[in-house]
Amino acid sequence: MYRLFFTLVLRRFDAESVHHATVRALAVLSALPFVKRLLHRWLAPHDPALRVSAFGVHFPGPFGLAAGFDKDAACAEAISALGFGHVEVGTITAHAQPGNPRPRLFRRAGQAAIINRMGFNNHGAAAAERRLRRTRGLPVVVGVNIGKTKVVPESDAAADYVASARRLAPLADYLVVNVSSPNTPGLRNLQAVELLRPLLSAVKEVADGTARRTPLLVKIAPDLADEDVDAVADLALELGLDGIIATNTTIRHDGEQGGLSGRPLKARSLAVLRRLRARVGDRLTLVSVGGVEDVDDVWERLLAGATLVQGYTGWIYNGPFWPSRIHRQLSRRLRRHGMKSITEAIARTA
């Protein structure tokens, strides 16, 4: 039914306009306690077998929403109520910025893909801080993804990330340094180890200094050469990071300028995950994102070494109940394989 609605109705409207309308509707839902609790009771993962712990945080299920949808932490509770095990908000920058000129979001329905060149459009860390301070009515796990303000020069990048971290790390269940979006000029340069080391060290000092020590992860691009993936993995181990998120969008495509997400990213995202697992073993938490469309993809990522899996583009093409359906299917698959918990599937990679 949803796919018919998408084909006949949603595809007739500008992709970004549909996105903003959806976020506004979910923000309204987040403000309706009875409705969101009812949806959470119906759709959220409640099977104890799906529970997973990572970097000291307990997740009700392994499948979450990747950064990029809820850019301003406006509707995390409603998203959680629809069945995601965690919600990563952002990317949030220290200063508010409008992002790149429109149009900047393009569907590639034949590939189940999206091209975006949004450019970290958001209202800034101070506005996100106010929203994150609100009392949560649901037990939602919220990660906060931070990036560089566009007008800040590369030489001041660390200070810019630190400014966001000081506001947001105390309110996040985990914090992510995004140095891998292709839509902020020069951002991906920060993945070079000589630039990444001082940046991550500075943010880690802030994260470690919060009342309960906020776990810190770094998000990398799929377009890194294999030896650069290894270098970032080694740096993450050296600095004592809690994990790596792999991967962001790719610029290796023939469409409009911007980052491509969805099905075409599947193979490279999985390859990077496997390389990271071989490099770091179980010393870091690996979060896999990119080309995740169904329960088979989630299962494959777990067996390949991911502790957590994220999706986003698949939600656009599969409808609002997609995350709940994936968690229900994971529960059935565990039982079919005679497993008592999702951690048994993860452990198979050891």
Side-chain angles (χ1 to χ4, degrees), residues 44-67 73 76-77 79-80 84-90 92 128-129 132-133 135-136 138-146 161-162 164-178 200-220 232-233 235-246 273 276-277 279-289 298 301-302 305-310 327 330 340-350:
H46 298 295
D47 183 354
L50 292 177
R51 294 173 188 163
V52 60
S53 294
F55 38 78
V57 178
H58 302 292
F59 297 78
F63 186 55
L65 180 65
E77 287 190 85
I79 294 169
S80 174
F84 283 107
H86 67 278
V87 179
E88 191 170 308
V89 301
I92 298 165
E129 179 186 19
L132 290 168
R133 285 194 181 279
T135 302
R136 297 179 192 174
L138 295 177
V140 53
V141 176
V142 178
V144 177
N145 184 300
I146 59 175
Y161 278 91
V162 164
S164 294
R166 284 182 177 144
R167 286 186 176 275
L168 302 174
L171 305 170
D173 291 304
Y174 68 90
L175 188 69
V176 182
V177 169
N178 184 354
L200 289 176
S201 296
V203 176
K204 188 173 188 298
E205 184 176 353
V206 176
D208 286 349
T210 60
R212 52 179 177 74
R213 199 195 77 82
T214 305
L216 180 64
L217 296 84
V218 63
K219 186 169 185 176
I220 64 172
V232 173
L235 178 64
L237 289 171
E238 173 194 328
L239 297 179
L241 299 192
D242 294 276
I244 298 175
I245 299 181
L273 169 65
L276 286 169
R277 178 67 182 202
R279 191 76 176 186
V280 306
D282 60 0
R283 292 174 290 174
L284 291 175
T285 294
L286 301 179
V287 183
S288 185
V289 56
V298 175
R301 306 300 171 97
L302 294 172
T307 300
L308 300 169
V309 182
Q310 295 179 339
H327 274 127
L330 276 176
K340 295 181 179 179
S341 75
I342 200 74
T343 55
E344 290 186 44
I346 298 168
R348 285 194 173 189
T349 65

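All heavy atoms count here, side chains included; hydrogens, waters and symmetry mates do not. What you see is a predicted model, and the numbers here were worked out from it, not measured in a lab.
Distance check: I342 CD1 to T307 OG1 gives 10.5 Å after rounding to the nearest 0.5 Å. Atom CG of L330 and atom CG of L50 lie 6.0 Å apart (nearest 0.5 Å). With rounding to the nearest 0.5 angstrom, the CZ atom of R212 is 5.5 Å from the CG atom of D173. Rounding to the nearest 0.5 Å gives a distance of 10.5 Å between CG of D208 and OG of S201. Atom CD1 in I244 sits 5.5 Å away from atom CG in L284 (nearest 0.5 Å). The structure places CZ of F55 at 10.5 Å from CG of L175, a figure rounded to the nearest 0.5 Å.
What you find for A165 and V203 is that their closest heavy atoms are CB-CG1, 4.0 Å. Summarising the geometry of G85 relative to P60, their closest heavy-atom pair is O-CD, 3.3 Å, with the distance given to 0.1 Å. The heavy-atom pair separating L217 from Y174 by the smallest distance is CD1-CD1, 3.8 Å. Shortest non-hydrogen contact noted between F84 and L65 is CD2-N, 3.4 Å. Considering every non-hydrogen atom in both V309 and A306, the closest pair reads CG2-CB, 4.3 Å. When all heavy atoms of V280 and A233 are compared, the pair lying nearest together is CG1-CB, 3.7 Å.
Tested against S288, the residues L273, L302, L276 include a single side chain to side chain contact (heavy atoms under 4.5 Å, CB included) partner, L273.
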| task | Verify side chain to side chain contact (heavy atoms under 4.5 Å, CB included) between V142 and R136, making sure each step is shown before the conclusion. | result | CA-CA 10 Å; V142 178; R136 297 179 192 174; 3.7 Å; yes
| task | Kindly determine whether V287 and E88 satisfy side chain to side chain contact (heavy atoms under 4.5 Å, CB included), including the steps that lead there. | result | CA-CA 12 Å; V287 183; E88 191 170 308; 5.8 Å; no
| message | Applying side chain to side chain contact (heavy atoms under 4.5 Å, CB included) to R283 and L237, what does each step give before you reach the verdict? | response | CA-CA 8 Å; R283 292 174 290 174; L237 289 171; 3.6 Å; yes
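A heavy-atom distance below 4.5 Å is not found between the side chains of V57 and H86. Counting heavy atoms from C-beta on, the side chains of V144 and L171 never come closer than 4.5 Å. Between T210 and P170, some side-chain heavy-atom pair lies under the 4.5 Å cut-off.
A donor-acceptor pair under 3.5 Å is formed between the side chain of H327 and the backbone N or O of F63. At distances below 3.5 Å, at least one donor-acceptor pair connects side-chain atoms of T214 with backbone N or O atoms of A169. Between the side chain of S53 and the backbone N or O of G56, no donor-acceptor pair lies under 3.5 Å. Q310 contributes no side-chain N or O that, together with a main-chain N or O of V289, makes up a donor-acceptor pair within less than 3.5 Å. Proximity of a side-chain donor or acceptor of D242 to a complementary backbone N or O of L216 within less than 3.5 Å is detected.
For E205, the CD atom counts as loosely surrounded, since its 6.0 Å shell holds 12 or fewer non-hydrogen atoms of other residues, nucleotides or ligands.
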